[in-house]
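All values below were derived from every heavy atom in this structure, side-chain atoms included, with hydrogens, water molecules and symmetry-related copies excluded. All values reported here derive from a predicted model rather than from experimental measurement.
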Amino acid sequence: MTTPGTISTDPPDIRLLLHALADGELDAATALALERQMASDPALAAEHARIVALKTAFQALPPQQPSPQLLARIEELHHAGTPLAAPARRSDQSFDWRALAASILVTAFLASSATYWATQGPAPQGFASEIAGSHRRSLLAASAVDVASSDRHTVKPWLDARIGVSPPAVDLSAVGYALVGGRVEVIDGKPVPALVYQLRKHLITLIAIPQDQPAPQAGTPDLSAGGFPIVQWSDGTFSYWAVSDIGRDELQQFADRFRAAATSAAPPK
């Protein structure tokens, strides 16, 4: 057991806390303490990201009526005494196949490689939640960056050396966005590069997800998660996600400035 604002060091307790955080069930003090610990522990942050992605994947599954064969199999497993969570029964004592089916699915899902499948290519809102979480953790950490420098010739090589890929760290100081540095972020369980810019007293995190198959997207979809506005776009090489606590219009202006500068700096094809 833990008291508000403290974090247990027991791995099972930590996992329960991560699930509770994803479900919004922690008190503010404990949630803050856990987010601070995730900010200094990439593995813990990655585990939380996987939990959020899995939760999002389940929520995105379309409703589907089970086949008679599946219902018969579930009945068979139930009466055979399969050790699963006890299924719910309605007041008329009729068998609730939905509860047992959910139990079977969750058990099999978490015990197999299906977790990997579900966390690949999450829906935009699932990704937005991870992006917002990474930005929030950076604000709670002692430093929002792993390499602190306003020199793009320092930040980009540093990221290249750590994860082998990085976006253009364009200089936007002339239009009010100072480059603070960069960091390695964990999104969807994978290390990805992140640039950090500052507008007045506000930080902007720009996460660049490498795209295996270039496919430029039209427009810049507006998303939000965790109380932060998010602007997303793609140039065919990276899928960019900008998040901050500034207004959406200002964040869109940053995105437009970055895209223009990155395009002009790109070598001719």
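Across Ala194 and Leu159, no two heavy atoms sit closer than the pair O-CD1, 4.2 Å. Residues Val145 and Gly181 come closest through the heavy atom pair CG1-C, 3.8 Å.
Applying the side chain to side chain contact (heavy atoms under 4.5 Å, CB included) rule to Val186 yields the partners Pro42, Ala46; only residues at least two apart in sequence or on another chain are considered. Residues that satisfy the side-chain hydrogen bond (donor to acceptor under 3.5 Å, both in side chains) test with Ser149, not counting sequence neighbours, are absent from this structure. Listed by chain and residue number, nothing satisfies the side-chain hydrogen bond (donor to acceptor under 3.5 Å, both in side chains) test with Ser244 (two or more places apart in sequence, or in another chain). Taking the side chain to side chain contact (heavy atoms under 4.5 Å, CB included) definition, one finds that Pro191 meets it with Ile163, Val184, sequence neighbours left out. For Phe238, the ring pair (Phe, Tyr, Trp, His ring centres under 6.0 Å) partners at least two apart in sequence or on another chain are Tyr240.
Listed by first then second residue, pairs satisfying salt bridge (Lys or Arg N to Asp or Glu O under 4.0 Å) with a partner in residues 173-186 read Arg137-Glu185, Arg183-Glu185, not counting sequence neighbours. The ring-ring contact (aromatic ring centres under 6.0 Å, His included) analysis of residues 179-207, with sequence neighbours excluded, yields the pairs Tyr197-Phe254. Residue pairs meeting the ring-ring contact (aromatic ring centres under 6.0 Å, His included) criterion with at least one partner in residues 135-170, sequence neighbours excluded, are His135-Phe228.
Put simply, CG on Leu179 and CG on Asp151 are 8.5 Å apart, with the number rounded to the nearest 0.5 Å. Considering CD of Gln232 and CD1 of Ile207, their distance stands at 12.0 Å, rounded to 0.5 Å.
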Test side-chain hydrogen bond (donor to acceptor under 3.5 Å, both in side chains) on Thr237 and Gln211; report intermediate values, then the result. CA-CA 5 Å; Thr237 301; Gln211 292 184 308; over 6 Å; no

side-chain contact (heavy atoms from CB on, under 4.5 Å) evaluation trace for Trp233 with Arg259: CA-CA 9 Å; Trp233 74 95; Arg259 293 179 71 181; 3.1 Å; yes

Candidate pair Asp249 and Gln253, rule side-chain hydrogen bond (donor to acceptor under 3.5 Å, both in side chains), full reasoning: CA-CA 6 Å; Asp249 290 343; Gln253 291 174 6; over 6 Å; no

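The number of heavy-atom neighbours closer than 6.0 Å to CZ of Arg162, taken from other residues, nucleotides and ligands shown, is above 12.
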Please tabulate, for side-chain N and O atoms in residues 167-175, each donor-acceptor pair with protein atoms closer than 3.5 Å (sequence neighbours left out).
from: Asp171; atom 1: OD1; to: Ser173; atom 2: N; distance (Å): 3.0
from: Asp171; atom 1: OD1; to: Ser173; atom 2: OG; distance (Å): 2.8

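Each of Thr205, Val196, Val147, Ile204 was checked for a side chain to side chain contact (heavy atoms under 4.5 Å, CB included) with Val180, and the lone residue meeting it is Val196.
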